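We name chains A, B, ... by the order of the sequence lines, and we start the count at 1 in each one. Bear in mind the structure is a predicted one, so any value in this text is a computation, not a measurement.
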Amino acid sequence: MATAGGDGDGDPTQPFPADLDDNGFPALPSSPAATTTSSSGFAEDFYRSGTDWSSLRARRRPPPEGAPGVKAKGKEGGSLVQSSLFQAWGLERPRREEGAGAGESSLVQRSLFQAWGIERPKREGVGAGDRSLSPSRSGSWSGRKRRRGGPDEAAAAAAMNPRTCPFYKKIPGTPFTVDAFRYGEVEGCSAYFLSHFHHDHYGGLTKKWCHGPIYCSALTARLVKMCLSINSDYICPLELDTEYVIEGVTVTLLEANHCPGAALIHFLLSDGKTYLHTGDFRASRSMQLHPLLQRGRINLLYLDTTYCNPKYKFPPQEDVIDFVVSTARRYLKKQPKTLIVVGAYSIGKENVYLAISQALEVPIYTDASRRRILHSFGWTDLSKRICPCNQSSPLHVLPLGSVNHEKYLGTLNQRFLAVLAFRPTGWTFSEATGKQLDLIKPRSNGSVTIYGVPYSEHSSFTELKDFVMFVRPLKLSDIQCVKIMVREEQSTYFFEC
DNA sequence: GCGATCAGTT
DNA sequence: CACAACTGATCGC
């Protein structure tokens with residue numbers, strides 16, 4: 001963006017700088033002149049994106065009417081999330097005492113506001129203290145920060161600018177990005193990874209895509225080709241659990257247990273550094289058995305923190321499926337002419353309706369576009385149960401948004417006298433439903449009954465914690481960039497419990 | 001008509 | 001209400 005330098009010449013792409021300082025933040029060049037050429041690198045992006053990362057989550061921009069310095073209204077403050085992962089996990093920060101000369105076992109972990117000695121932007125922020133972690137860093141950062149004298153509006157604007165690829169989608173030391181298609185061509189990026197085929201991750205991919213190869217699982221690749229009409233020359237399918245050397249980096253995709261085709265991405269750099277990007281995933285015990293996670297040390301973990309808060313509890317998927325199946329059985333026994341409806345996004349939740357189909361020995365009806373997608377998975381157990389006639393099956397799959405009381409009331413005719421619907425979502429959570437599925441109460445309206453069931457394809461808080469404690473990364477980063485936690489050096493544990 | 005962006009929905 | 005992920009409306013080209 002900064003330079004108009006000729007694209008398309010033969011220069012090999014420069015990797016995003018790998019230098020992270022002791023606190024896990026990208027190192028700035030000590031001499032500005034030295035690196036003017038790579039002015040839009042990883043570190044630049046990191047700092048340019050500002051420190052108020054809450055803006056990345058803000059739903060709307062500030063109203064244009066307001067004076068430039070006017071603070072956001074109260075509601076916006078409510079979406080501000082800067083808590084540390086320790087807070088999120090409800091753990092005490094490990095004490096440093098413990099004598100025994102355990103060296104520097106302390107964990108360094110704080111919000112970026114704290115890390116850079118900057119007050120949270122509650123008030124006009126000029127005087128907000130210039131202390132920062134290391135004196136050497138302080139100079140360059142505060143110099144940058146205060147170019148305009150006031151709060152770093154340029155940084156805030158960059159963070160706001162949805163066209164700028166945020167640093168946390170770039171893999172340092174490589175020319176790779178993950179799920180970064182909505183920013184056009186990303187300078188320095190010569191390989192674009194797609195973790196899975198959900199809209200908020202592939203957004204920006206259109207048939208006009210021409211910015212570079214798209215690496216993803218074979219199943220995701222089929223969906224990209226099929227649904228988005230991307231030129232197949234750009235699509236690079238990778239088999240799971242297979243090492244590929246891409247631009248000198250060894251890349252392996254691991255099953256993410258999120259939706260069909262979703263993958264964790266494991267990067268092994270030529271210098272031995274190992275990065276793991278989880279994409280969206282549901283962590284599990286069996287995931288921990290993967291050789292790449294058993295053996296090697298992970299230097300930096302990019303974590304899906306969707307439900308990184310103790311309030312999010314949900315049961316194992318198998319338990320929810322058992323509940324759904326037995327509920328369906330019960331309703332059918334009471335009223336054999338019951339239509340069973342399962343809500344689902346474009347892809348995901350297949351195991352819910354597949355289990356019903358298998359247990360009740362009925363086919364699965366869904367509309368033509370979803371049938372096409374489901375068949376493309378190449379899962380014979382699923383494909384053989386799909387039928388194209390809605391009268392032939394008492395089991396229908398609908399978009400989640402269509403599963404409500406109004407819809408499908410009209411389908412009540414001779415064939416169906418009642419409707420039993422399931423909405424599998426991650427945010428159906430509570431103490432009660434987390435432990436006792438039987439306590440889930442449906443919403444009923446006449447002969448239509450709707451159950452919200454806590455079937456999540458993201459990790460629960462506990463699963464996330466177990467996963468991180470197992471992996472024990474040297475550094476940890478939030479892929480949604482709400483919080484960051486970093487750890488000093490080589491200490492041998494992450495959490496004390 | 002296409003795509004990017006934002007608002008709204010469950 | 002939460003959240004992810006989608007759907008629809010609007011705007012610019």
For atom CG of Asn404(A) and atom C1' of dG8(B), their distance in whole Å
15 Å
Closest to the side chain of Lys207(A), out of dG3(B), dC3(C), dC6(C), is dG3(B)
Distance check needed: dT7(C) P versus Leu398(A) CG, whole Å only.
12 Å
With heavy atoms under 4.0 Å as the rule, sort His258(A) into base, sugar-phosphate or nothing.
sugar-phosphate
Distance check needed: dA2(C) P versus Lys313(A) NZ, whole Å only.
20 Å
Have a look at Ser346(A) and say if it touches a base, only the backbone sugar-phosphate, or nothing, with a 4.0 Å heavy-atom cut-off.
sugar-phosphate
Provide, to the nearest angstrom, the distance between the NE2 atom belonging to His196(A) and the P atom belonging to dA5(C).
5 Å
Please tell me whether His375(A) and Ser383(A) have a donor and an acceptor in their side chains that are separated by less than 3.5 angstrom.
yes
From CD of Glu457(A) over to P of dA4(C), roughly how many Å is that when rounded to an integer?
14 Å
How long is the line joining OH of Tyr455(A) and P of dA5(C), in whole Å?
14 Å
Consider only side-chain N and O atoms of His290(A) and Asp241(A), and report whether a donor and an acceptor are under 3.5 Å apart.
yes
Phe193(A) ring center within less than 6.0 Å of Phe176(A) ring center:
yes
Look at the side chain of Tyr312(A) against the base of dA2(C) and say whether a donor-acceptor pair falls under 3.5 Å; ignore hydrogens and angles.
no
Among the nucleotides dA5(C), dT7(C), dA4(C), which one has an atom lying closest to any side-chain atom of Tyr307(A)?
dA4(C)
Presence of His199(A) side-chain N/O under 4.0 Å of dT7(C) phosphate oxygens OP1/OP2
no
Without decimals, in angstroms, what is the distance between Lys349(A) NZ and dC3(C) P?
15 Å
dA5(C) phosphate, OP1 or OP2, under 4.0 Å from His198(A) side-chain N/O
yes
Please work out whether the ring planes of Phe197(A) and Tyr202(A) are parallel, tilted or perpendicular, with thresholds of 30° and 60°.
parallel
Any donor and acceptor pair, going by atom type alone, linking the side chain of His396(A) with main-chain N or O of Asn390(A) inside 3.5 Å?
yes
Counting side-chain heavy atoms from CB outward, which of dC2(B), dA5(C), dT10(B) is closest to Arg423(A)?
dT10(B)
Considering only dT7(C), dC3(C), dG3(B), which nucleotide approaches the side chain of Thr206(A) most closely?
dG3(B)
Tell me: CZ of Phe314(A) to C1' of dA2(C), nearest whole Å?
12 Å
